[in-house]
Amino acid sequence: MAGQRRSAVDRSANSDLAAAFEDGSAYIPYLAVGDPSYERSKAYVEALARGGADIIELGLPFSEPIAEGPTIQNAIVRALEGGMSPELFFQFVEELDVDVPLVCMTYYNLIYQYGRTAGDGPGPEAFVEKAASAGISGFVVPDLPAEEADPLRAACDEHGLDLIFIVAPTTEGDRLERMMQRVSGYVYVQARLGTTGARSDVSDQTTASLDRLADYDLPKAVGFGISGGKQAERIVANGADGIIVGSALVDIVADGVENDEPTEAVADRLETLSRELKAGAQRGYEARQANVDAK
Amino acid sequence: MSTDGKFGDYGGQYVPEALMPAIEELTEAYEQYVLENKDGFMDEFRERLADFGGRPTPLQRADRLSERYDLDIYLKREDLLHGGAHKLNNALGQVLLAKYMGKERIIAETGAGQHGTATAMAAAHLDMPCTIYMGERDINRQRPNVFRMKLNGSEVKPVTTGRGTLKEAISETMRDWATTVETTHYVIGSVVGPHPFPVMVRDFQSVISEEAREQTIEKTGSLPDSVIACAGGGSNTMGSFAKFVDDESVSLYAVEAGGSSLRVDEDAGVAPNSASLSTGNEGVLHGARTKLLQDTAGQIMESHSVSSGLDYAGVGPELAYLVDTDRVTPVTVDDDAALEGFHRLSQTEGIIPALETAHAFGYLEEHHEELSGTVVVNVSGRGDKDLETVIEETDARDVPNAPDMSMFSGGGM
């Protein structure tokens, strides 16, 4: 890391998320917890870890996922129909046998309502406390912009958890600054406008976003639309510190449901794609280093 | 009234990051064009509302209902606005604003189809390409409205996720907007969503209460004692109340759809009503903190009402605030009483109301003894769009004041 750096506010939060970026090419997969059932989902998440995941984003399904494309919407419907709830989500996290930091990705209403369930009245504190004790390291909340995030940020600081924000292609100037004052762990760089979903190209918007973030001293992970090793390689070679992959993995789960495949077969495919993505990210990092050395 | 987007703790801007710049751009446009009349925006809006929309709408004394209830009942005839409902006030305002902002394309959601048809009319009138998202189930329930949108040149995209009703259509429109935000304006159909939508839609709709207030004073010499309006998302409600909020002597009643029951079925995730003001609790949906129908975990419930225009699990944040501060009284009317109200207004006043509007007349029948003096009821829309539903629903239950249904029963039509 060279050049002039602007540091985000020091949260000295939780060291696992930063540590996950040490090799310069973090692989961060996403699955909706409970898709298509509690037990299968557990086997799938464990397969991601075997496939080389450095962090795993666990989706806690919300009934109105406005930032998701059709693939993840359908996964969320399957998970909700399978009975997934915040309580079961925490049980799932506690039972999970993986040695990888876990990030909870969900919508604000579930975080906000948990306090009511816990008897505290609505607010994020009870959810964050429970998540911390279950073993969650941080949160991504797609419908919570920096402007509304102070209560959750405060609760995260109290329990030593990270709060990750999504930087969109349209995020710049004051908005970017406001967000960078509140972010910790890593920055989720949204590769293009729109919703989640697997695609095969690399957007110019990604490079522009990475350039805008170059001065900030926090790992940048690019997500939205990454589906294969080649793409992962190009994105990391272009300056990303990691890649986030959701829909391409959820597609495998959906295929498994559609073709009635056994759990192990689906888990194997998830592990195989994970290895490909991680290897692609690593090649991208090597290419970037070679480029730096050449200069 | 607040312009910072918060009503007490309600309101705010809970939207994906990709939409925030558009929301900021819209907030600035709202402040300049709507609040400050930049470039004569509001003058053009008023002129088009008059020439294209047919404003002002009349305030009519309902003689037979007044006699029936021993009250002085006045009807604010929004059913006579072009398109047959109050929805045009907002749709015309927002499509015109999009033009002033230099946007090239309009998107909108619709439930019953009233907002969709109003937006399609406004888009055709102002020459803007327009795409309307509508739940598949609603498309099947509201075929004439779908055809009207297509006649006006709009594209209608079916939404198949979830139960295929209004809340899924809103989510899907937000997704389109997240992709096309740089060129596209989202014309939201009610006083819901992130700031500035709740205040902007209220301001476009408040022409209802501005006229009704003047007309009541002109006709009776004083302010009304009560104003009654039905409430789903709350746009005709806020439109009817806005200019009366500061008149403390005027009681404001928001009539929600009680559906078949006010109880919720937590296991099924269904609330067989749409009474978020009366029975909901605080949460975050579609960009705003407001009162919602949700289960204990915070998952949004499927609402239900015989009137698809009231069928929404949330409500405008300003209404939630006005209820919490006791300025607005939320009340409910069930499906049966709404149907009776539909038939009663048709028979006694020669006005066939929308099923949404019929809830207000259901309330009048059940609670007229608690009211006194002059009562203004907003006739938010006309009932032509609901005739098939009314035939079906009247036939399926025992509605005491319905006409002889024998020639329409059992699929005979």
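A salt bridge is absent between Glu148(A) and Arg289(B): the closest approach of a Lys/Arg side-chain nitrogen to an acidic carboxylate oxygen does not fall below 4.0 angstrom. A salt bridge links Arg175(A) with Glu17(B): at least one charged nitrogen is closer than 4.0 Å to a carboxylate oxygen.
Other residues, nucleotides and ligands place no more than 12 heavy atoms under 6.0 Å from the OH atom of Tyr321(B). Under a cut-off of 6.0 angstrom, the local environment of CD in Glu182(B) is sparse, with at most 12 non-hydrogen atoms contributed by other residues, nucleotides or ligands. Within a 6.0 Å sphere centred on CG of Asp174(A), other residues, nucleotides and ligands contribute 12 heavy atoms or fewer. Atom CD of Glu94(A) sits in a crowded spot, with more than 12 heavy atoms from other residues, nucleotides or ligands closer than 6.0 Å.
For the pair Arg116(A) and Gln294(B), the tightest heavy-atom approach, listed with the atom from each and the gap, is NH2-NE2, 4.2 Å. Closest approach of Tyr14(B) and Pro145(A) over heavy atoms only: CA-CD, 4.0 Å. In plain terms, the two heavy atoms of Ala18(B) and Leu193(A) that are nearest each other are CB-CD2, 3.9 Å.
Counting heavy atoms from C-beta on, the side chains of Leu144(A) and Val284(B) never come closer than 4.5 Å. When side chains are defined from C-beta on, Ile166(A) does not count as touching Pro16(B), because their heavy atoms never get closer than 4.5 Å. Side-chain contact between Glu172(B) and Pro70(A) is absent, with no heavy-atom pair separated by less than 4.5 Å. Counting heavy atoms from C-beta on, the side chains of Ile66(A) and His286(B) come closer than 4.5 Å. Met179(A) places none of its side-chain heavy atoms less than 4.5 Å from the side chain of Met20(B).
Gln299(B) contributes atom CD, which lies 8.5 Å from atom CD of Glu64(A) (distance to the nearest 0.5 angstrom). Atom CG in Leu285(B) sits 12.0 Å away from atom OH in Tyr107(A) (nearest 0.5 Å). Distance check: Asn109(A) CG to Leu292(B) CG gives 6.0 Å after rounding to the nearest 0.5 Å. Taken from CG in Leu19(B) to CG in Asp143(A), the straight-line distance is 11.0 Å, to the nearest 0.5 Å.
With respect to chain A, the highest number of heavy-atom pairs below 4.5 Å among Ala297(B), Gly12(B), Pro194(B) belongs to Ala297(B). When Asn281(B), Asp176(B), Asp295(B) are compared by the number of non-hydrogen pairs under 4.5 Å with chain A, Asn281(B) comes out ahead. Note on Glu172(A), Gln190(A), Gln113(A), Glu147(A): by heavy-atom pairs under 4.5 Å with chain B, the leading option is Gln113(A). Listed options Tyr108(A), Phe62(A), Phe165(A) were ranked by heavy-atom pairs under 4.5 angstrom with chain B; first place goes to Phe62(A).
Using a 4.5 Å cut-off between heavy atoms, Ser85(A) does not touch chain B at all. With a 4.5 angstrom heavy-atom cutoff, Ile111(A) does not touch chain B via any of its atoms. Heavy atoms of Tyr114(A) lying under 4.5 Å from chain B are absent altogether. Contact of Glu68(A) with chain B is made through the backbone alone, with heavy-atom distances under 4.5 Å. With a 4.5 Å cut-off on non-hydrogen atoms, Pro65(A) touches chain B through its backbone and its side chain both.
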